[in-house]
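Take a look at the structure set out below.
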Amino acid sequence: MPATVHVRELDLADLDAAWELGRFAFGSTSERPAPTTVAVPGMTRYGAFDDSGRLVGKAVDLHHDQWWSGRAVPAADVAGVAVAPEARGRGVARAMLTGLLRGARERGAAVSALYPTVAAPYRACGWETAGVLRTVDLATAALPRHRPAAHLTVRAGTPADLPAVADLYERVTRHRNGMLTRRGELFDFFAADAGLPGDGLTLVEHDGALVAYATWQRGRGYGADSVLTVDEALATTAEAARDLVGVLGSWASVAPTVRLCPLDGDVVSTVLPLEAARDHERDLWMHRPVDVARAVAARGWPAHARGVVDFGLTDALADWNTGTWRLTVADGAAELTRVDADVDLRLDVRGFALLYAGAAHARSVAQAGLLHHRAGVDPAALDLLSAGGPAQLLDYF
């Protein structure tokens with residue numbers, strides 16, 4: 001393959017070739033879902049072409065928003081990265097991701113997340129491991145059962161209940177970090193004719209107001225290997241969570257295993273016997289800033305966090321992030337401003353990602369070689385950047 005790689009947004013005429021490239025990379029079937037062959041709002045598809053015009057790589061920018069302490073932060077979440085086997089190891093993915101970051105910044109994105117099949121190429125491009133989406137199996141019979149609360153109503157949901165479900169999801173997630181808002185034209189496009197998610201929707205209400213829900217898939221059979229897959233189970237009160245988990249436990253005679261993704265610290269997780277959980281799957285996810293100044297200014301910050309710290313930053317792919325910065329945090333907000341100063345702390349963009357996502361403390365980042373400091377200088381001053389606490393994802397993309 002010639003050394004030159006040309007990166008541009010894909011046209012509709014390119015989508016067949018992009019589908020074939022993804023099919024080979026990910027082992028998909030030959031059946032093509034409709035969204036792969038049409039324009040999708042809230043999604044930018046990028047392709048890398050060789051000098052002959054052949055598509056040798058593809059990547060997708062998903063126009064998500066992520067909740068960060070009560071504020072929606074525009075994100076460029078990356079999916080569907082694939083490179084033709086003959087072109088691998090020649091900088092195709094790096095060229096595509098450079099173009100994707102530049103385009104994402106131009107449209108206003110501040111941060112980016114992705115699920116890697118292998119982490120090393122994304123680390124080389126500035127993303128760093130920030131968390132794990134964990135799917136666990138629990139014995140259905142081990143779920144706590146109790147007499148339903150008299151003031152709560154448990155019923156099956158319908159498509160008409162989906163706006164209330166979306167509202168409860170937002171109430172649970174908006175004050176967390178990293179969670180998708182599930183708003184915007186991309187979600188609207190896929191939700192337009194979707195109907196109920198999965199096979200069923202179970203609701204718990206108090207005086208007609210939704211206080212808990214679970215979406216689930218029944219699976220097949222009723223033997224020892226039968227699994228009830230709970231796509232999501234969230235609640236806003238402990239009593240509602242107990243009622244919801246009680247309904248899931250009622251499947252014990254025909255589905256001996258319940259499979260779900262627990263949300264750390266959520267009300268439902270506090271009533272599940274997670275000490276008995278077995279990991280079914282672990283999906284590593286990575287994070288990085290698209291635009292560091294925008295990422296800091298757009299998010300919410302803890303009201304108690306306050307301070308100022310200067311640091312240098314190096315970002316090989318997004319040169320607009322490289323420079324010397326002053327971080328100021330106060331009164332639930334923060335900003336990064338460029339300064340002309342001799343600084344004691346210098347961050348690699350991967351170190352910035354770890355701190356921003358609350359995935360590590362500054363001393364650990366320094367030990368990893370992603371934060372350099374002068375002798376005698378305590379790197380913990382940059383813990384100010386991680387004041388928001390750990391991020392978590394509940395959506396796979």
*Does L263 offer a backbone N or O that forms a donor-acceptor pair with the side chain of D266 under 3.5 Å?*
no

_Suppose we screen for salt bridge (charged side-chain N to carboxylate O under 4.0 Å, His left out). Which residues come up paired with D199, at least two apart in sequence or across chains?_
none

*Say whether, by atom type as modelled, one donor and one acceptor occur between the side chain of S226 and the main chain of G223 under 3.5 angstrom.*
no

*Step by step, work out the salt bridge (Lys or Arg N to Asp or Glu O under 4.0 Å) result for E9 and R45.*
CA-CA 6 Å; E9 291 186 26; R45 299 168 167 122; over 6 Å; no

*Between K58 and G22, is there a donor-acceptor pair closer than 3.5 Å when you use the side chain of the first and the backbone of the second?*
no

_Pi-cation contact, F352 with R288 (under 6.0 Å, within 45°)_ = no

_Sequence-distant partners of V271, side chain to side chain contact (heavy atoms under 4.5 Å, CB included), two or more places apart_ = A241, R242, V245

*If you count the non-hydrogen atoms of other residues, nucleotides and ligands that lie under 6.0 Å from CZ in R220, is the total more than 12?*
no

*Check for a donor-acceptor pair, side chain of T181 on one end and backbone N or O of A72 on the other, with a separation under 3.5 Å.*
no

*For residues 302-311, which residue pairs qualify under side-chain hydrogen bond (donor to acceptor under 3.5 Å, both in side chains), counting only residues two or more places apart or in two chains?*
R306-D331, D310-R326

*Check whether the ring centres of W68 and Y356 lie less than 6.0 Å apart, and answer yes or no.*
yes

*Should we count NE2 of H361 as having more than 12 external heavy atoms under 6.0 Å?*
no

*Under 3.5 Å: donor-acceptor pair, side chain of D315, backbone of L317*: yes

*Would you mind listing every ring-ring contact (aromatic ring centres under 6.0 Å, His included) that reaches into residues 199-242, with sequence neighbours excluded?*
H151-H206, W216-W251

*asked:* Looking at D50 and R54, would you say the former's side chain and the latter's main chain have a donor-acceptor pair under 3.5 Å?
replied: yes

*Is there a donor-acceptor contact under 3.5 Å from the side chain of N177 to the main chain of G388?*
yes

_Presence of salt bridge, D291 and R102, under 4.0 angstrom_ = no

*Taking ILVMFWY side chains as joined if any heavy atoms are under 4.5 angstrom apart, and letting links pass through other members, which residues group with V132?*
L284

*Is there a donor-acceptor contact under 3.5 Å from the side chain of D243 to the main chain of A240?*
no

*Linking Ile, Leu, Val, Met, Phe, Trp and Tyr by side-chain heavy atoms under 4.5 Å, what else ends up with V308?*
none

*Does the E335 side chain pair with the main chain of A297, one donor and one acceptor, at a distance under 3.5 Å?*
no

*Report yes or no: is the cationic atom of R71 (NZ for Lys, CZ for Arg) closer than 6.0 Å to the six-membered ring centre of W67, at no more than 45° off its axis?*
no

